[in-house]
Protein chains: 2
Amino acid sequence: MTHSTRLTELEIASRHYMASYVLFNQAVADHVGMHPTDVQCLNLITAEPEPVTTGAIAEMTGLTSGSATRLVDRLVKAGYVERVRDTDDRRKVLVRVVPEALAGYGAMWARLGAGWRELLEENTPEEKQVLLRHMRRTVELSRRQIEQLREA
Amino acid sequence: MTHSTRLTELEIASRHYMASYVLFNQAVADHVGMHPTDVQCLNLITAEPEPVTTGAIAEMTGLTSGSATRLVDRLVKAGYVERVRDTDDRRKVLVRVVPEALAGYGAMWARLGAGWRELLEENTPEEKQVLLRHMRRTVELSRRQIEQLREA
DNA sequence: TAGATTATCTGCATGACGCAGTCATCCTAT
DNA sequence: ATAGGATGACTGCGTCATGCAGATAATCTA
């Protein structure tokens, strides 16, 4: 990934791949009239089995706690989530997705997701394993490198 | 990718995968004191064999032409690129990467890129083909869906 | 050669974000 | 039991990236 040396096909593809996600995320956000960060956040918390705290959202999105609060404000205002105080630790605020509110959002994903799912289904189970492994490894590597960057 | 149905492992991994890229990009940006968009842009234009126009940058990043101008302003100010008027069409501005300016930037990537490259090298040639194909397909699908979203 | 089109650049307004401080709640050590 | 500290979430304020609309210069076309 130095710039003096030639980049491999795969490295170049990676860049465009990542860039395309940013564009896609932006397009989705524009379409539903939200900020890309908000879409990103919704995607992350709907992937979680349980409601998450504001702090967890801050960590997942890389925002400060203050900005995460504002992010949740926007999602609440838009009706996508609601705040629920944690009964165990009353300092915490659980952000719960409102399933009904995701109807329109879900309808969009039903259209888009179909194409996406097809794309995945074009792969054999073995190939899917390769992709899954690569994604997980990447997430892990990314996490380590972020730590490294913050230290230095 | 609807939210009423269960998400597959691969779909969940995809989301975290994409999210991790955003975080990583942000961390890199913080590290070099730039905006994420600027890093994104540098990654894209250094992946191109030839200097690109401001308009091309606008398209690649999804920004308006005005914002792209400002983006280039920042990169110029930071010394990463320089503006060169296109001699064929003097309306156009070619944005050329300044190789020397990427020394520090490149040094960082040399460290980070090593881990990244290793990750890719952990795959057999066949597996790399699977990844490459998937990335290209995704970019293509993404492009089509963005178009679809803009129409609707 | 005039008018339309294209590529880039600017003035202005909006809004997301970080920072630093505040408040409420929980934990811990004496 | 209680004081001091830690933790989680929230606010005031300033900064800055971005979109929008219009300006300017260069090119194309009838």
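Below, each value reflects all heavy atoms present in this structure, side chains not excepted, and no hydrogens, waters or symmetry copies.
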Heavy atoms of chain A, cut-off under 4.0 Å: which first and last nucleotide of DNA chain C, 5' to 3', fall inside that, if you could look?
C:dA16 to C:dC26
So do the side chains of A:Arg74 and A:Leu71 get within less than 4.5 Å of each other, counting heavy atoms only?
yes
Under 4.0 Å between any heavy atoms, over every strand shown, what does A:Asp30 touch: base, sugar-phosphate, or nothing? Just pick one.
nothing
Judged by nearest nucleotide, the residue sitting upstream toward the 5' end of DNA chain C, A:His35 or A:Asp86, is A:His35
Under a 4.0 Å heavy-atom cut-off, which of residues 54-74 of chain B touch DNA chain C?
B:Thr54, B:Gly55, B:Ser65, B:Gly66, B:Thr69, B:Arg70
So how far is it from A:Asn43 CG to B:Met18 CE, rounded to the nearest 0.5 Å?
10.5 Å
For the pair B:Tyr17 and A:Tyr17, name the ring-plane relationship: parallel under 30°, tilted 30 to 60°, perpendicular over 60°.
tilted
Non-hydrogen side-chain atoms of A:Arg83 and A:Leu94 separated by less than 4.5 Å:
no
So do the side chains of B:Leu141 and A:Glu118 get within less than 4.5 Å of each other, counting heavy atoms only?
no
Can A:Arg15 and A:Glu11 be counted as an ion pair, charged N to O under 4.0 angstrom?
no
With a non-hydrogen cut-off below 4.0 angstrom, is B:Arg83 in contact with a base, only sugar-phosphate, or nothing?
sugar-phosphate
Specify the residue among A:Arg90 and A:Asp38 whose closest nucleotide of DNA chain C lies further upstream toward the 5′ end.
A:Asp38
Between NZ of A:Lys92 and C1' of D:dA9 the distance, given in whole Å, is 12 Å
Value in whole Å for how far the P atom of D:dT18 lies from CG of A:Leu23
13 Å
By the definition salt bridge (charged side-chain N to carboxylate O under 4.0 Å, His left out), identify the one residue from A:Glu121, A:Glu122, A:Glu127 that meets it with B:Arg137.
A:Glu122
In whole angstroms, the gap separating P of D:dG8 from CZ of A:Arg91 amounts to 6 Å
B:Asp86 side chain reached by B:Arg91 side chain, heavy atoms, under 4.5 Å
no
